[in-house]
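Reviewing the structure listed below.
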Amino acid sequence: MTALKPLVVVGDVLLDEDIEGVATRLAPDAPAPVVDVTGDRRHPGGAGLAAALAARGGRDVVLVTALGDDPASEAVRRGLSGRVRLLELPLHGTLPVKTRVLAGGRPVVRIDRGGGTPGEPDGAVCEALAGAHAVLVADYGRHTAGAVRAHLEDAARRTPLVWDPHPRGEPPVPGARLVTPNAAEAIALCAGTPGVSGPSLGAFAERGTSLAERWRAAGVAVTLGDRGVLLTRPGGGTPMLIPAPFRAGGDPCGAGDCFAATTVAALADGLLPEEALQRAVAAAAAFVAAGGSGNPDLWETPAVPAPGRTPGADAADAFGLAESVRARGGTVVATGGCFDLVHAGHVGLLESARRIGDCLIVCLNSDASVTRRKEAGRPLVPAADRARVLAALGSVDAVVVFEEDTPATVLERLRPDVWVKGGDYSVQDLPEAEVLRGWGGQAVVLPYLDGRSTTSLARRAADAAAVSVRSGDG
């Protein structure tokens, strides 16, 4: 059955190493910072990171890559154990190691070591590609994709194939469903194209169309950072811009892998390319905000829940985001409520709350909780839809659904620095204020836009419907 087929990732694995420290002085013999090391982390990078992200939520993922007998290859095997199934090509040489030295969370220098050449695939690799439900090629210019190119060409004729390219790598096989270069890669790949220059959307649209035609791809999605993603197709036409849901201020390392992995997983789930890219843009923004590939929460457990599937599925991401922001010395802001019909008052409150700190997490009453607290017939909108609407707002970084009458329990896990409510409350009336004091948090009330409430909107809609019915009867 199709549902039992694996998602196959093909590409070059690296070992990523982050050496973290603090820099408060310059070296006496050169104008270079002295980094006092406070810790270091090692984890799979490149196609290894993409495969681990594609496997979130328990998805069956097979990673086809080249590994050797060196210590870096062994470290990658340990890091991927329990997450994905490995099908190895022999590696002639050593696995590349990419070391970043960070001071205060910002890269100071990157050191690259190692490198080898992949050997020929065996029958198990060919069989996996022949039976793939969807395929992602994570090309880092180390020639793994070239070693299995003929099998990738066959796969592209049968199943969705996404190719994340590299300027020094293989050209995508014809028939790829989507190719996902970033802005710098698109510029490099189109260097010398007459009449195409500059960072405008028009220039990137021309680059995307040119690349789609060159590669005979169904679509090229150029990732543009905070501007989102530009989807173009062969033959020109109007491109589609899919904006980022919010400006993410974290570590962007690995964002491209997250974007490509989410895209191919969404296509495997049956989404259209436009829908898959919307999901991928949101996932990449949340990934960056949570600390990027250096976020230790990514590697603490074998399976990380996939975001955005069901009410409450974002909860793990919300808690990880709060921890990451706190670890960087940032301010975690939270607010809560039913948000049954999101209106101008809600939007104003959320925008004001987000400006207070470095992230905003919304604690959302579940359907049962709303029913207990409100009048008959509420909620008007189910929790899954309310969470989706809130998560789409640029001011909201994460949503957590809770079942109790008050968010006290979820707040004890989130431990926000600031808890925000609208001006129809007073701090003294907030039961959450006492909970916040347990860890030194502060409850505050923000001005609220008068005359807007879900109850009044629902009553006005009911009155208008009644008038319409009477008019029709007349």
Side-chain angles (χ1 to χ4, degrees), residues 8-21 32 35 37 39-54 61-103 106-122 125 136-149 152 163-171 181-182 184-185 188 251-258 260-261 292-296 298-299:
V8 177
V9 177
V10 177
D12 309 303
V13 171
L14 319 170
L15 181 64
D16 283 347
E17 181 179 37
D18 284 348
I19 300 175
E20 298 182 326
V35 179
V37 175
D40 62 85
R41 294 190 303 267
R42 308 176 91 202
H43 54 79
L49 173 62
L53 292 171
V61 172
V62 173
L63 172 60
V64 176
T65 193
L67 293 172
D69 298 326
D70 54 297
S73 294
E74 290 300 326
V76 163
R77 291 187 183 98
R78 290 193 300 271
L80 294 174
S81 176
R83 301 173 189 276
V84 304
R85 291 189 283 144
L86 277 171
L87 288 180
E88 298 183 18
L89 280 65
L91 179 65
H92 306 301
T94 59
L95 196 74
V97 179
K98 183 176 68 178
T99 302
R100 295 192 305 167
V101 179
L102 301 99
R106 297 183 178 278
V108 175
V109 67
R110 196 182 97 182
I111 304 165
D112 290 358
R113 292 170 289 167
T117 304
E120 293 297 316
D122 60 14
V125 170
L136 168 63
V137 179
D139 190 353
Y140 273 76
R142 302 281 180 168
H143 311 301
T144 300
V148 297
R149 186 175 183 85
L152 292 172
W163 194 294
D164 191 10
H166 192 284
R168 297 194 303 273
E170 292 280 319
N182 62 31
E185 289 164 346
D251 186 350
C253 186
D257 296 306
C258 179
S293 64
N295 178 7
L298 285 176
W299 305 101

#### Entry: Backbone N/O of A260 and side chain of D164: donor-acceptor pair under 3.5 Å
no
### Query
Between L49 and P44, what is the shortest heavy-atom contact and its length?
CB-O, 3.8 Å
### Query
Side chains of W163 and E170: does their closest heavy-atom pair fall under 4.5 Å?
yes
### Task
Apply salt bridge (charged side-chain N to carboxylate O under 4.0 Å, His left out) to R113 and list each qualifying residue two or more places apart in sequence or on a separate chain.
E17
### Query
Partners of T94 by side chain to side chain donor-acceptor pair (under 3.5 Å), sequence neighbours excluded?
none
### Query
Looking at residues at least two apart in the chain, or sitting in another chain, which of them share a side chain to side chain donor-acceptor pair (under 3.5 Å) with E88?
R77
### Query
With sequence neighbours left out, what residues match R85 under salt bridge (charged side-chain N to carboxylate O under 4.0 Å, His left out)?
D60
### Query
Taking only residues two or more places apart in sequence, or in another chain, which ones meet D139 in a salt bridge (charged side-chain N to carboxylate O under 4.0 Å, His left out)?
none
### Message
If the condition is salt bridge (charged side-chain N to carboxylate O under 4.0 Å, His left out), which residues does D69 pass it with, not counting sequence neighbours?
### Response
none
### Summary
Across all chains, not counting sequence neighbours, the side chain to side chain donor-acceptor pair (under 3.5 Å) partners of R42 are none
### Query
Would L136 and V8 satisfy side-chain contact (heavy atoms from CB on, under 4.5 Å), going step by step from the backbone distance to the final call?
CA-CA 6 Å; L136 168 63; V8 177; over 6 Å; no
### Task
Please say whether more than 12 non-hydrogen atoms of neighbouring residues, nucleotides or ligands are located less than 6.0 Å from CZ in R41.
yes
### Task
Flag the pair L95 / L67 as yes when at least one side-chain heavy-atom distance between them is below 4.5 Å, and no otherwise.
yes
### Atom of A145, atom of V137 and distance for their closest heavy-atom approach
CB-CG1, 3.8 Å
## Note on the structure
Closest non-hydrogen atoms of P96 and V13, given as atom of the first, atom of the second and distance, are CD-O, 4.1 Å
### Query
Taking atom CG of L102 and atom CZ of R110, what is their separation to the nearest 0.5 Å?
12.0 Å
### Query
Who are the side-chain contact (heavy atoms from CB on, under 4.5 Å) partners of A52, not counting sequence neighbours?
L80, R83, W299
### Message
For the OG1 atom of T65 and the CG atom of L91, what is their distance to the nearest 0.5 Å?
### Response
8.5 Å
### Message
Checking D40 now: which residues fulfil side-chain contact (heavy atoms from CB on, under 4.5 Å) with it, not counting sequence neighbours?
### Response
I19
### Task
List in chain and number order the residues that pass side-chain contact (heavy atoms from CB on, under 4.5 Å) with P71, two or more places apart in sequence or in another chain; answer none if no residue qualifies.
none
### Task
Go through the structure and list residues passing side-chain contact (heavy atoms from CB on, under 4.5 Å) with A51, not counting sequence neighbours.
V9, V61, L63, V84
## Note on the structure
Of all heavy-atom pairs linking L53 and C258, the shortest is CD1-CA, 3.5 Å
### Message
Testing the basics here: between R142 and G115, what is the closest heavy-atom pair and its distance to 0.1 Å?
### Response
NH1-CA, 3.9 Å
### Query
Excluding sequence neighbours, so at least two apart, what forms side chain to side chain donor-acceptor pair (under 3.5 Å) with S293?
none
### Query
Looking at V108, I111, D18, which hits side chain to side chain contact (heavy atoms under 4.5 Å, CB included) with R100?
D18
### Query
Any side-chain heavy atom of V125 sitting closer than 4.5 Å to one from V148?
yes
### Message
Main chain of K98, side chain of D112: is a donor-acceptor contact present, judged purely on distance under 3.5 Å?
### Response
no
### Query
Which heavy atom in S73 sits nearest to a heavy atom in G68, and how many Å separate them?
OG-N, 3.0 Å
